[in-house]
**Q** 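To start, I am sharing the structure in question, which I have written as structure tokens.
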Amino acid sequence: MAKHAVLSSGAKMWRCLPCVKSELRLDLTLACGQSFRWRETAEGHWTGVMGGRVWTLTQTDDSLWYHVYKNQDNRGEECDRKRKAGVAFQVENKPEKRSRVAVKEEEKPVAVTIGQDTEEEEETLRDYFQLNVKLVDLYREWGAADPHFRRIADIFTGVRMLRQDPTECLFSFICTSNNHISRIQGMVERLCQTLGAPLCQLDQASYYNFPSLSALADNSVEACLRDLGFGYRARFLQQSAKQILDTHGLQWLEGLRSAPYLQARDALRTLPGVGTKVADCVCLMSLDKAAAVPIDTHVWQIAKRDYNYTSGTAQKSITDKLHRDIGDFFRKLWGPYAGWAQSVSVIDEYLSACFCHVSYGLSAITTECFHPL
DNA sequence: ACGTGACCTTT
DNA sequence: AAGGTCACG
């Protein structure tokens, strides 16, 4: 049976990009609640689905290593993927090839053609992690403007915003309402198992693509998801998918990437189960709206505690106006990438919450979390 | 515009 | 009570 790749064993083919840890910390970025589908399958090795393929990622001091599992998917997906990638490549022409094959001394070298597949995979990775955004520069700017940011910036380095698939992001975050991370992870996993196309099996784990809009829109889906423990969110998921297909079409979500932030957010809020918080998450994490600052109870507490934030009238719950005001407050403080800064500022709160509920895979994080210095 | 309660399920 | 949303007053 196929196994998860491990860099040190050299049994699988690995490639890498130059990438220092101040630009990207895989563990923090993949486990801080942006995406719910990455798992630490070996120490420092993260396996998940990206662009319809299964990947294992790991990093050394100056490199991001990746392995893409082949020999897995059905022909249709594969052809579709290549067609799309072909289009993307005409737009972005990359002359230099920085990837190379990892060959440890004690192993026999593996012959590899650095071809279109490599370029394409490298581009997928750069796009997903938004590596063109210089995080080190942003950290410096946020720190210069904000003493509280400086306090945690040295511990939680390399936390960057993923550029997720909008469909996966939207339907995952509809699951987050009134919920906690460990349960959300289980729900999203069951969602993919049940409605997504199978990709491959590694050790005891099966990997699936995220379900398509049409799969989610089917009338049978609500009952199905209720059986899987989605509760009242089951109806939101099915109805939102149906509403998108019926009134907008398949490309609508992607199209919101080129809409202004507030317009995209309002569009999302017309969907059932999507309020201000979820809409902001989708805007920030999949629609290129770096200024979107999702306001939840944690962020509100932090705003009050650390930033001495007080609304005019003492409020008990987070109203529309409070969303706007706190968002504007942080945008003024941190600038156009305020949403990115916010994900760093709240990370210790979220990881602590994780630690209460999740019993695996976070040892490295919790160690840093509870023994920062 | 703001406040309240219900909503599924698990800890 | 959990990383909210919706439907009411």
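What you see is a predicted model, and the numbers here were worked out from it, not measured in a lab. Protein chains get the first letters and strands the later ones, always in sequence-line order, with residue 1 at the start of each.
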**Q** With sequence neighbours excluded, tell me which residues meet side-chain contact (heavy atoms from CB on, under 4.5 Å) with A:Asp328.
**A** A:Arg331

**Q** So what does the secondary structure string of DNA chain B come out as, 5' to 3', with Watson-Crick or wobble pairs under 3.5 angstrom, [ ] for crossing and | for pairs with another strand?
**A** .||||||.||.

**Q** Taking ring-ring contact (aromatic ring centres under 6.0 Å, His included) as the definition, give me every residue that meets it alongside A:Tyr139, ordered by chain and number, with sequence neighbours left out.
**A** A:Trp142, A:Phe149

**Q** With sequence neighbours left out, write down each residue that passes ring-ring contact (aromatic ring centres under 6.0 Å, His included) with A:Trp55, or none if nothing qualifies.
**A** A:Tyr66

**Q** Tell me yes or no: between the side chains of A:Thr47 and A:Thr56, is some donor less than 3.5 Å from an acceptor?
**A** yes

**Q** For A:Tyr207, check ring-ring contact (aromatic ring centres under 6.0 Å, His included) against everything at least two apart and list the hits.
**A** A:His4

**Q** Starting from P on B:dT10, measure out to CE on A:Met187 and report it in whole angstrom.
**A** 10 Å

**Q** Identify which nucleotide among B:dT9, B:dC2, C:dG3 has an atom closest to any side-chain atom of A:Lys321, counting heavy atoms from C-beta outward.
**A** B:dC2

**Q** Measuring from the side chain of A:Lys316 (C-beta onward, heavy atoms only), which nucleotide among B:dC2, B:dT4, B:dC8 has the closest atom?
**A** B:dT4

**Q** Once side-chain contact (heavy atoms from CB on, under 4.5 Å) is applied, do any residues pair with A:His148, and if so which ones, sequence neighbours excluded?
**A** A:Asp146, A:Arg151, A:Asp306, A:Tyr307

**Q** Give the rounded distance in Å between these two atoms: CD of A:Gln301 and P of C:dA1.
**A** 14 Å

**Q** Could you tell me the separation between the CZ atom of A:Phe36 and the P atom of C:dG3, rounded to a whole number of Å?
**A** 10 Å

**Q** Given atom CD of A:Gln185 and atom P of B:dT10, what is their separation to the nearest angstrom?
**A** 16 Å

**Q** List in chain and number order the residues that pass side-chain contact (heavy atoms from CB on, under 4.5 Å) with A:Thr319, two or more places apart in sequence or in another chain; answer none if no residue qualifies.
**A** A:Gln315, A:Ser317, A:Lys321, A:Leu322

**Q** What integer number of Å spans the P atoms of B:dC8 and C:dC8?
**A** 15 Å

**Q** Remember a base hit wins even if backbone is also touched, and classify A:Cys32 as base, sugar-phosphate or nothing at under 4.0 Å, heavy atoms.
**A** base

**Q** Could you check whether A:Tyr309 and A:Phe330 have their ring centres less than 6.0 Å apart?
**A** no

**Q** Over how many whole Å does the gap from A:His180 atom NE2 to B:dC8 atom C1' extend?
**A** 11 Å

**Q** Calculate the interatomic distance between A:Leu322 atom CG and B:dC2 atom C1'; express it in whole Å.
**A** 11 Å

**Q** Please give the distance between the P atoms of B:dG3 and C:dG3 as a whole number of Å.
**A** 22 Å

**Q** Quick one, give me the B/S/- string for nucleotides 4-9 of chain C, reading 5' to 3', where B means a protein heavy atom under 4.0 Å from the base and S means that only happens at the primed atoms, P, OP1 or OP2.
**A** BSS---

**Q** Suppose we screen for side chain to side chain donor-acceptor pair (under 3.5 Å). Which residues come up paired with A:Tyr128, at least two apart in sequence or across chains?
**A** A:Trp38

**Q** Indicate whether OP1 or OP2 belonging to B:dC8 is found under 4.0 Å from a side-chain N or O atom of A:Arg226.
**A** yes

**Q** Take atom CD1 of A:Ile184 and atom C1' of B:dT10, then tell me their distance rounded to the nearest Å.
**A** 12 Å

